[in-house]
Amino acid sequence: MRAIVARDRAAGIAGLAAEEMPYPHAAENDVIVQVYSAGFTPGELDWPATWTDRAGRDRTPTIPGHEVSGVIAELGYGTTGLAVGQRVFGVTDWCRNGTLAEFVAVEARNLAPLSAGIDHTMAAALPISGLTAWQGLFTHGRLEAGQTVLIHGAAGGVGSIAVQLAREAGARVIGTGRAAHRETVLGMGAEVFVDLDRDRLERIGEVDMVFDVIGGQILCRSAALVRPGGVLVSIAEPPPSPPDNIRAVFFVVEPDRQGLAELEHRLRDGRLRPLIGVTRPLEEAAVAFGPTHGGGGKTIIRVIDDVPEIVGEEAVS
Ligand SMILES: NC(=O)c1ccc[n+]([C@@H]2O[C@H](COP(=O)([O-])OP(=O)(O)OC[C@H]3O[C@@H](n4cnc5c(N)ncnc54)[C@H](OP(=O)(O)O)[C@@H]3O)[C@@H](O)[C@H]2O)c1
């Protein structure tokens with residue numbers, strides 16, 4: 001099968017190339033997904049799990065990408081709950097070959113059904129960004145209606161979903177980013193936009209929650225904005241030394257079929273709209289991998305072009 005392959009950690013993005021790779025093996029409780037669309041995280045070539053297995057052993061050559069939307073081609077031994085030919089989307093294991101390929105082996109529990117009529121491109125933009133936003137706001141942050149949440153990087157992959165979910169949950173949302181992000185962030189439901197290059201963060205006042213996707217100085221300065229008893233949730237890095245009177249949570253997103261189903265429901269009824277930037281064919285995925293692709297939104301690799309589908313009763317039941 002065709003895949004984007006990384007062989008040399010030191011070479012970074014320049015070392016990515018489209019190559020022939022063996023068809024993946026479906027282990028117990030796995031499925032093989034024929035990939036229609038795939039997503040990746042720009043920084044994943046820096047993750048240890050991209051290069052090693054769970055025991056820390058070298059596993060090169062590796063295939064990056066951990067978000068998939070596609071159709072089940074094969075079931076592993078003993079796999080139940082999903083069927084060959086079914087449309088699915090989800091997250092693949094950090095320590096296994098990924099989704100920038102024609103086929104990928106995934107644990108079935110990491111996938112959720114995808115209704116007919118939802119474009120694979122939209123679905124591939126959701127698994128990591130959507131689950132991270134969901135878990136950050138609700139699982140770890142315990143956001144409630146009426147609270148105020150400050151979301152950094154609100155026009156990005158995670159931030160843009162977080163803004164929409166928080167707004168839907170009845171929270172007051174303050175979004176931050178660069179000047180060019182203002183209209184996007186306000187358009188997704190933020191009440192206030194803060195330009196991190198020009199506006200003073202400290203003028204925001206106290207909030208119930210900060211959801212930070214940027215890290216560094218922005219994260220450090222944000223702890224002081226959280227009211228006593230509030231929460232600072234971060235995903236880029238742990239906060240260095242948060243005050244004792246707030247809760248600070250750094251986490252890595254977990255696969256979650258129920259969470260995917262919640263996101264899919266919102267995609268289907270229009271409550272959620274992932275920001276898609278550029279889409280590229282698999283052969284151009286190496287070029288697209290860099291973080292500076294020029295536009296905003298998430299880059300999606302289209303391995304198979306979607307055939308338009310008719311939405312029938314089955315799709316919405
Ligand atoms: N822990 C986890 O489970 C988890 C899960 C998902 C992602 N992550 C990490 O979280 C981070 C964000 O992921 P993402 O997918 O949302 O990335 P993304 O799509 O690049 O979004 C980040 C957003 O923040 C903006 N931004 C970054 N630095 C800024 C600054 N100094 N001032 C103003 N705006 C700034 C970016 O704008 P520009 O594009 O203009 O820079 C972009 O809009 C990454 O480091 C990723 O690896 C962690």
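Order of appearance sets the numbers: ligands from 1, and atoms from 1 within every ligand. Just so it is clear, the structure is predicted and the values come from calculations on it, not from any experiment.
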With heavy atoms of Leu196 as the reference, note each atom of ligand 1 found under 4.0 Å away. 32 (N), 33 (C)
Carboxylate-amine/guanidinium proximity below 4.0 Å for Arg302 and Asp305: yes
Check each of Glu283, Glu102, Glu19 against Arg2 using the side-chain hydrogen bond (donor to acceptor under 3.5 Å, both in side chains) test, and report the only one that passes. Glu283
Counting heavy atoms only, which of Gly136, Ser234, Ala236, Gly153 comes nearest to atom 45 (O) of ligand 1? Ala236
I'd like to know if Asp195 and Arg200 make a salt bridge, using a cut-off of under 4.0 Å between side-chain N and carboxylate O. no
Applying a 4.0 Å heavy-atom criterion (strictly less than), which segment of Thr176 is in contact with ligand 1: side chain, backbone, both, or neither? neither
If we only consider heavy atoms of Ser129, is any one of them less than 4.0 Å away from an atom in ligand 1? no
Taking only heavy atoms of Ile128 into account, list the atoms of ligand 1 that are under 4.0 Å away from them. 6 (C)
From the options Lys298, Gln217, His181, select the one whose nearest heavy atom is closest to atom 37 (O) of ligand 1. His181
List ligand 1 atoms under 4.0 Å from Val213, heavy atoms only on the residue side. 10 (O), 11 (C), 12 (C)
Taking all non-hydrogen atoms of both residues into account, name the closest pair between Val149 and Leu143 and its distance. CB-CD1, 4.1 Å
Salt bridge present between Glu191 and Arg167 (N-O < 4.0 angstrom): no
Within-cut-off N or O pair, Trp47 and ligand 1, under 3.5 Å: no
Looking at Asp195, Ile235, Val158, the heavy atom closest to atom 9 (C) of ligand 1 belongs to Ile235
Are Val287 and Val278 grouped together when hydrophobic residues (ILVMFWY) are joined by side-chain heavy atoms under 4.5 angstrom apart? no
Would you say ligand 1 has an N or O under 3.5 Å from any N or O of Gly157? yes
d(Leu100 CG, Phe40 CZ) to nearest 0.5 Å is 7.0 Å
Counting from 1, what ligand 1 atoms have a heavy atom of Thr41 closer than 4.0 Å? 47 (O)
When you look for heavy atoms under 4.0 Å from ligand 1, do you find them on the side chain of Val253, its backbone, both, or neither? both
Decide yes or no on side-chain hydrogen bond (donor to acceptor under 3.5 Å, both in side chains) for Thr99 and Glu67, but give the supporting numbers first. CA-CA 6 Å; Thr99 58; Glu67 292 164 292; over 6 Å; no
Give yes or no for whether the N/O distance cutoff of 3.5 Å, strictly under, is met between Phe251 and ligand 1. yes
Heteroatom proximity flag, Ala155 to ligand 1, N/O under 3.5 Å: no
Closer than 4.0 angstrom, basic N to acidic O: yes or no for Asp93 and Arg54? yes
